[in-house]
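Working notes, structure below.
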There are 2 protein chains.
Amino acid sequence: MLSRRCTYGLQAALFLASQERGAYIPIQRISECLGLSFHFLTKVLQHLTHHGLLRSLRGPHGGVALARPPGQITLKEIVVAIDGPDLFEACVLGLPGCGEQKPCPLHEDWKEVRGCLRNAFAGTTLAMLVAEPERLAAWQACWTTSPDAASAHS
Amino acid sequence: MLSRRCTYGLQAALFLASQERGAYIPIQRISECLGLSFHFLTKVLQHLTHHGLLRSLRGPHGGVALARPPGQITLKEIVVAIDGPDLFEACVLGLPGCGEQKPCPLHEDWKEVRGCLRNAFAGTTLAMLVAEPERLAAWQACWTTSPDAASAHS
DNA sequence: CTGGTTTAGGACTCTTTTGTCTTTATTATA
DNA sequence: TATAATAAAGACAAAAGAGTCCTAAACCAG
Ligand code: SF4
Ligand code: SF4
């Protein structure tokens with residue numbers, strides 16, 4: 001459904017949304033907390049930076065941060081930036097030369113499902129996922145429990 | 001969203017559903033009508049045969065046919081046979097060790113979307129897509145118009 | 001039994017995705 | 001200015017997906 005890169009991007013974005021607003025977080029730390037490959041995550045986040053969804057800063061105290069308030073970033077934006085708009089436009093049968101004019105028998109039904117999908121992603125912002133204390137706690141529980149992340153950073 | 005193999009399988013199944021009930025259709029003919037690679041389609045349909053969704057017969061007048069009446073075959077069965085159940089069970093974030101007990105902030109919302117998706121595929125049979133004359137016509141228009149398929153078979 | 005037709009099965013190539021590693025450019029701080 | 005920290009960029013390897021092709025096995029008709 002979603003590519004791996006995309007899920008990593010979403011995880012990282014959600015992580016940033018749950019941190020202090022506007023703070024630059026090193027990718028190293030994100031990758032450790034979420035248990036992802038540092039180098040691979042770097043690639044994904046570079047991509048998001050190019051698309052203007054993240055800001056980045058090199059050097060000491062550098063890292064990445066959300067480019068906009070988390071209330072203004074939808075999940076759909078992130079998915080589209082990484083995987084492209086296919087998920088929200090593609091179709092089940094993938095027939096050549098079909099469409100509204102020449103719809104296959106599934107067209108109408110599928111359009112509905114696709115709309116459902118699109119609404120879910122477009123109608124959810126990062127802020128919505130960390131606003132309620134219980135949701136935030138649930139999210140943090142997903143990564144704060146990773147054992148090796150607790151090792152001190154000298 | 002769906003793998004290529006999966007869309008090919010769905011197209012072929014729909015094609016068979018629109019043919020005479022129980023008749024064996026050569027894969028060669030299916031591939032020509034739908035404009036798909038014969039060898040690749042063969043692989044996909046072999047897979048469906050192994051999963052008991054198709055019957056097959058070698059030799060002259062052989063081919064493949066639906067193993068059950070099209071009214072008893074859902075799109076979900078075909079998708080699961082080819083792509084596996086991931087689409088209907090997988091999740092957006094793909095966190096390790098999460099689930100009902102330790103849900104991420106998206107879990108509930110996502111479950112809803114996934115249910116929508118599952119209902120659409122599980123609630124649609126092949127017969128439903130070719131029962132209404134207009135739908136059948138729409139479907140046939142998708143492939144009967146391929147120009148080279150009209151060339152006589154000597 | 002013989003020969004042509006059709007699926008079955010596997011080897012193989014090409015492309016995309018995933019992941020690793022190394023080097024370079026930029027920044028803050030001492 | 002020197003040093004350490006950090007993202008940026010690109011080369012490279014490994015794995016999965018897509019697609020091609022060839023041979024074998026089954027089947028029917030004569
Ligand atoms: S008609 Fe619509 S649903 Fe059918 S194959 Fe084309 S785009 Fe997909
Ligand atoms: S809690 Fe649910 S939605 Fe969240 S990552 Fe796990 S399975 Fe996916």
Side-chain angles (χ1 to χ4, degrees), chain A residues 1-12 15-16 23-67 79 81-84 86-87 90 94 96 153-154, chain B residues 1-12 16 23-67 79 81-84 86-87 90 94 153-154:
Chain A
M1 166 87 75
L2 265 57
S3 74
R4 214 111 181 204
R5 293 167 67 233
C6 201
T7 70
Y8 290 178
L10 287 169
Q11 284 184 35
F15 182 90
L16 288 173
Y24 284 101
I25 314 284
I27 300 177
Q28 184 80 49
R29 197 159 100 76
I30 304 178
S31 71
E32 277 169 6
C33 287
L34 297 175
L36 307 176
S37 149
F38 165 65
H39 291 290
F40 194 42
L41 184 60
T42 293
K43 284 268 174 67
V44 177
L45 298 191
Q46 260 177 45
H47 206 71
L48 289 179
T49 307
H50 288 159
H51 277 74
L53 288 168
L54 297 182
R55 282 177 299 131
S56 72
L57 187 66
R58 304 192 218 190
H61 305 117
V64 292
L66 295 177
V79 170
I82 298 180
D83 275 356
D86 279 11
L87 179 62
H153 44 80
S154 80
Chain B
M1 166 89 75
L2 266 60
S3 74
R4 213 109 180 201
R5 294 167 65 232
C6 202
T7 70
Y8 290 178
L10 287 169
Q11 285 184 33
L16 288 172
Y24 284 100
I25 314 285
I27 300 178
Q28 184 81 50
R29 197 159 99 74
I30 305 179
S31 71
E32 277 170 7
C33 286
L34 298 175
L36 307 176
S37 149
F38 164 66
H39 291 290
F40 194 41
L41 184 60
T42 294
K43 283 271 172 68
V44 177
L45 298 191
Q46 260 177 46
H47 207 72
L48 290 179
T49 307
H50 288 160
H51 281 259
L53 288 168
L54 297 182
R55 283 176 299 132
S56 71
L57 187 66
R58 305 192 218 191
H61 304 119
V64 292
L66 295 176
V79 171
I82 298 179
D83 275 355
D86 278 12
L87 179 62
H153 44 82
S154 81

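Here is how names work: the chains are called A, B, and so on, in the same order as the sequence lines, proteins then strands, and each is numbered from 1.
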*For residues B/Ile82 and B/His47, report the shortest heavy-atom separation together with the two atoms involved.*
CA-CD2, 4.1 Å

_Would the base of D/dT20 count as contacting B/Lys43 through its side chain, where contact means a donor and an acceptor less than 3.5 Å apart?_
yes

*Can you find a side chain N or O atom of B/Thr42 that sits less than 4.0 Å from OP1 or OP2 on C/dA8?*
no

*Roughly, in whole Å, what's the span from CG in A/Leu16 to P in D/dA7?*
11 Å

*Take the protein atom CZ of B/Arg58 and the nucleotide atom C1' of C/dG3, then report the distance between them rounded to whole Å.*
17 Å

_So B/Tyr24, base contact, sugar-phosphate only, or nothing? Heavy-atom distance under 4.0 Å._
nothing

_Of the listed nucleotides C/dG4, C/dT18, D/dA7, the one nearest the side chain of A/Ile27_ = D/dA7

*asked:* Between A/Leu87 and B/Met1, is there a side-chain heavy-atom distance shorter than 4.5 Å?
replied: yes

*Could you give the CG-to-P distance, from B/Leu41 to D/dC21, as a whole number of Å?*
16 Å

*B/Pro60 side chain, from C-beta outward: closest of D/dC28, C/dA8, C/dC21*: D/dC28

*Give one of base, sugar-phosphate or nothing for A/His61, where a contact means two heavy atoms less than 4.0 Å apart.*
sugar-phosphate

*Closest non-hydrogen atom pair, A/Ile30 against A/Ala12*: CG2-CB, 4.1 Å

*So do the side chains of A/Glu32 and A/Phe38 get within less than 4.5 Å of each other, counting heavy atoms only?*
no

*Answer yes or no: is there a donor N or O on one side and an acceptor on the other, between the side chain of A/Asp83 and the main chain of A/Ser3, under 3.5 Å?*
yes

_Need one value for A/His50: base, sugar-phosphate or nothing, where a base atom within 4.0 Å counts as base even if backbone is also close, heavy atoms only._
sugar-phosphate

*Give the rounded distance in Å between these two atoms: CG of B/Leu36 and C1' of D/dA18.*
13 Å

*Between atom CZ in B/Phe40 and atom P in D/dG17, what is the gap in whole Å?*
11 Å

*Does some side-chain heavy atom of A/Phe40 sit less than 4.5 Å from a side-chain heavy atom of A/Leu36?*
no

*With sugar-phosphate meaning primed atoms plus P, OP1 and OP2, does B/Leu45 contact a base, only sugar-phosphate, or nothing at under 4.0 Å between heavy atoms?*
nothing

*asked:* Under 4.0 Å from OP1 or OP2 of D/dT6: is there any side-chain N or O of A/Ser56 that close?
replied: no

*Give the rounded distance in Å between these two atoms: NE2 of B/His39 and C1' of C/dC14.*
16 Å

*Compare the minimum distances between each of C/dG19, D/dC21, C/dT20 and the side chain of A/Arg4, then state the nucleotide with the smallest one.*
C/dG19

_Nearest to the A/Pro26 side chain among C/dT7, C/dT20, D/dT6, which nucleotide is it?_
D/dT6

*Given that A/Leu57 and A/Leu2 both sit by DNA chain C, which one's nearest nucleotide is further toward the 5' end?*
A/Leu2

*Nearest to the side chain of A/Gln46, which nucleotide is it out of C/dT18, D/dA9, C/dT20?*
D/dA9

*asked:* In this structure, how many angstroms lie between the P atom of C/dT17 and the CD1 atom of A/Ile82, rounded?
replied: 13 Å

*Rounded to the nearest angstrom, tell me the gap between atom CD1 in B/Ile25 and atom C1' in C/dT6.*
13 Å

*Check whether any side-chain N or O of A/Thr49 sits under 4.0 Å from OP1 or OP2 of D/dA7, and answer yes or no.*
no

